[in-house]
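One is the number of the first residue; the rest follow in order along the sequence. Just so it is clear, the structure is predicted and the values come from calculations on it, not from any experiment.
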Amino acid sequence: MEFFGHVIDGAEVASASGETFASVDPYTRESWAEVALGGPAEVDLAVAAARRAFDEGPWPRMGRAERGRLLHRLADLILANADRLGLADTRDMGKPITQSRGNDVPRAADNFRFFADHARLTPAEALPMDSGHHAYTRYEPVGVAAAVAPWNFPLMLETWKIAPALAWGNTVVLKPAEDTPASATILARLALEAGLPPGVLNVVHGYGPDSAGQALTEHPGVDRITFTGESATGRVISAAAARNLVPVSLELGGKGGNAVFADADLDNAVSWSLRAIFTNAGQVCLAGSRLYVQRPVFEEFLARFTAAAEAMRLGDPKLDSTEIGPLASETHYRKVRGYVESVADEGGAVHAGGLGDGWFVRPTIVTGLPATARHQREEIFGPVVTVTPFDTEDEVVALMNGTRYGLNAMLFTESLSRAHRVSARLRAGTVWVNCFFIRDLRAPFGGAGDSGVGREGGTFSREFFTEPKAIVMQID
């Protein structure tokens with residue numbers, strides 16, 4: 001059984017206590033790896049290492065081009081180890097290998113390449129002043145960044161946090177989700193192979209409350225906290241950060257609305273809507289879990305959508321033919337199962353899908369639920385979509401905005417004016433028109449309401465991971 005340790009100050013180590021925990025393959029429901037179980041002691045060591053690497057080491061003092069060269073080398077190593085990294089995430093959380101290896105690994109490499117180049121090419125401002133002075137700006141690294149990553153896109157979302165932090169000269173302590181620890185250790189091994197100095201990227205494994213996660217986000221030696229996960233955990237982290245006056249970036253839950261208008265290209269709408277809810281077995285914060293279809297095309301869309309969902313192939317996520325794997329853990333399966341089993345109690349009907357064997361949930365389509373049903377308001381985080389007819393533009397905007405979440409939304413229409421008009425009225429950090437999950441790393445990413453605080457990506461990541469400084473010089 002493979003062992004994955006913490007990576008602290010350039011060395012892979014076991015916990016001081018010797019304690020470990022098992023990583024369970026959701027398909028076989030058996031342990032496949034042993035992982036070092038860390039806590040406050042390991043967090044203290046990792047933060048101290050990151051602080052030394054920042055205060056005394058070469059990393060923040062390197063030129064941006066030199067840092068960028070090392071991060072590009074790390075991106076090369078990620079691609080060279082695509083099979084291993086992809087299989088690690090697949091075995092940890094049940095994601096189909098075609099998604100982990102074919103999508104997540106390349107995007108992880110792209111994260112390092114983009115932010116390395118973005119930091120290198122970003123200009124400062126020169127500000128001539130009428131008073132006979134001259135001002136200019138500098139963007140300086142902040143120090144130690146704490147990154148707490150989720151289990152649904154382990155490698156990809158870890159690198160989304162790590163890459164900009166490192167590119168701007170910070171050091172990092174990463175706490176991966178306990179359900180998906182493997183790729184984080186592999187990534188840290190590759191970072192050392194790429195030439196990143198010891199202490200620049202540290203990894204501590206462990207649980208969240210009363211353990212490694214809480215110790216990291218409450219640590220007085222941390223200068224920034226970036227977290228992706230549940231809204232309830234985000235509130236706890238935000239409160240801890242406030243006590244230490246540490247800025248936070250929180251990308252939290254979602255309950256994405258998806259509106260299909262009568263003039264939409266239905267083939268395109270069905271294809272993207274299918275991906276929006278059933279990719280990664282619906283374990284996506286951006287999932288289009290509330291589907292609204294204008295009444296004239298409701299029955300036709302529902303028939304096409306149902307047929308496509310029922311044709312999706314469930315199975316061993318390590319096989320290229322599998323489109324939907326099991327849910328990531330027994331705990332999460334029980335949560336999603338509870339929503340499926342309570343549909344009738346809320347006044348709806350399971351139109352298609354339902355529970356499968358093991359930790360599988362088939363692509364599940366629910367109809368007839370009122371807007372007040374908890375399935376319409378709460379984040380299920382599984383392959384379960386509610387489908388509801390609507391009549392007018394005003395009606396669907398109200399329905400889509402009728403939740404405390406505001407991460408993302410989608411709409412399908414051939415009317416350019418409607419696309420602009422509805423997009424402007426939706427309360428969401430990202431609105432996709434006639435598509436889903438298309439990302440530009442320059443664009444802001446984040447949500448409103450219970451979906452989080454702040455934005456990352458491009459200049460927004462620069463603002464978060466640097467301290468802008470104004471320097472004013474007398475000339476006359």
Side-chain angles (χ1 to χ4, degrees), residues 68 70-119 147-167 172 174 176-177 180 182-188 190-191 194 201 226-229 249 251 254 256 272 275-276 278-288 317 320 323 325 328 407-408 429-430 432 435-447 455-458 460-461 465:
L70 294 176
L71 294 179
H72 273 284
R73 184 185 295 173
L74 176 54
D76 292 339
L77 289 171
I78 288 171
L79 294 179
N81 289 271
D83 287 342
R84 186 160 188 231
L85 285 163
L87 184 59
D89 279 358
T90 290
R91 297 189 76 174
D92 265 348
M93 62 89 47
K95 181 192 297 282
I97 191 67
T98 52
Q99 296 172 26
S100 59
R101 182 187 59 209
N103 177 75
D104 296 6
V105 171
R107 288 182 67 168
D110 286 346
N111 284 339
F112 281 108
R113 296 198 196 284
F114 171 83
F115 286 109
D117 292 342
H118 186 265
V148 183
W151 51 259
N152 58 331
F153 287 88
L155 178 68
M156 189 174 82
L157 291 183
E158 287 161 4
T159 60
W160 169 249
K161 300 173 179 302
I162 293 168
L166 295 182
V172 174
L174 168 67
T180 53
S183 60
T185 292
I186 298 171
L187 176 66
L190 296 178
L201 175 58
T226 171
F227 168 77
T228 298
S249 178
E251 195 258 285
W272 283 112
R275 280 180 262 185
F278 299 132
T279 294
N280 202 25
Q283 298 166 124
V284 183
C285 55
L286 300 163
D320 286 349
E323 295 175 286
L407 187 58
N408 65 288
T430 300
W432 283 291
C435 61
F436 169 70
F437 216 162
I438 303 300
R439 291 282 299 278
D440 187 315
L441 293 178
R442 296 168 296 182
F445 184 77
R455 298 290 186 272
E456 293 183 25
F460 301 89
S461 288
F465 288 113

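- The two residues P106 and G102 come nearest to each other via the heavy atoms CG-O, 3.4 Å.
- Heavy-atom minimum distance, L71 versus A116: CB-CB, 4.0 Å.
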Point to revise | Worked check of side chain to side chain contact (heavy atoms under 4.5 Å, CB included) between T90 and Q99 | key: CA-CA 9 Å; T90 290; Q99 296 172 26; over 6 Å; no
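- The main-chain N or O of M156 is found under 3.5 Å from a side-chain atom of T159 such that the two form a donor-acceptor pair.
- The CG atom of N111 lies 9.0 Å from the CG atom of L155; values are rounded to the nearest 0.5 Å.
- Across all their heavy atoms, A147 and V172 have their closest contact at CB-CG1, 4.4 Å.
- Taking the six-membered ring where tryptophan is involved, the planes of F445 and W160 are perpendicular, since the angle between them exceeds 60° and thus also 30°.
- Rounding to the nearest 0.5 angstrom, the gap separating the CZ atom in F436 from the OG1 atom in T279 is 6.0 Å.
- Side-chain contact between E251 and L407 is present, with heavy atoms from C-beta onward closer than 4.5 Å.
- By the 6.0 Å contact criterion, CZ on R439 is enclosed, its count of non-hydrogen atoms from other residues, nucleotides or ligands being greater than 12.
- No side-chain donor-acceptor contact under 3.5 Å links D89 and S100.
- Taking each heavy atom of R455 and F460 in turn, the nearest pair found is O-CB, 3.7 Å.
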Review point. How far apart are the C-alpha atoms of L74 and L70, what are their side-chain angles, what is the distance that settles it, and do they pass the side chain to side chain contact (heavy atoms under 4.5 Å, CB included) test?
Key: CA-CA 6 Å; L74 176 54; L70 294 176; over 6 Å; no
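- For K95 (side chain) and N152 (main-chain N/O), a donor-acceptor pair under 3.5 Å exists by modelled atom type.
- If you take CG on D110 and CG on L441, they are separated by 7.0 Å, rounding to the nearest 0.5 Å.
- Rounding to the nearest 0.5 angstrom, the gap separating the CZ atom in R101 from the CG atom in L87 is 9.0 Å.
- D92 places a side-chain N or O within donor-acceptor distance of the main-chain N or O of A182, the cut-off being under 3.5 Å.
- In this structure, the side chain of W151 does not engage the main chain of M93 through any donor-acceptor pair within 3.5 Å.
- Rounding to the nearest 0.5 Å places CG of D76 at 11.0 Å from CG of N81.
- The side-chain heavy atoms of T430 and L286, taken from C-beta on, include no pair separated by under 4.5 Å.
- In this structure, R107 forms a cation-pi arrangement with F437, its terminal cationic atom sitting closer than 6.0 Å to the ring centre and no more than 45° off the ring axis.
- With N280 contributing its side chain and Q283 its backbone, the two residues share a donor-acceptor pair below 3.5 Å.
- Between A119 and A167 the shortest heavy-atom distance is CB-O, 3.6 Å.
- L166 has its side chain out of reach of F115: every pair of non-hydrogen atoms, C-beta onward, lies at least 4.5 Å apart.
- A donor-acceptor pair is defined here as one N or O able to donate and one able to accept, closer than 3.5 Å; such a pair exists between the side chain of R73 and the backbone of A194.
- In plain terms, the two heavy atoms of L157 and P150 that are nearest each other are CD1-CG, 3.4 Å.
- With T228 as the fixed residue, the side chain to side chain donor-acceptor pair (under 3.5 Å) test singles out one of K161, E158, E456: K161.
- Between the CZ atom of R91 and the OG atom of S183 there is a distance of 13.5 Å, given to the nearest 0.5 Å.
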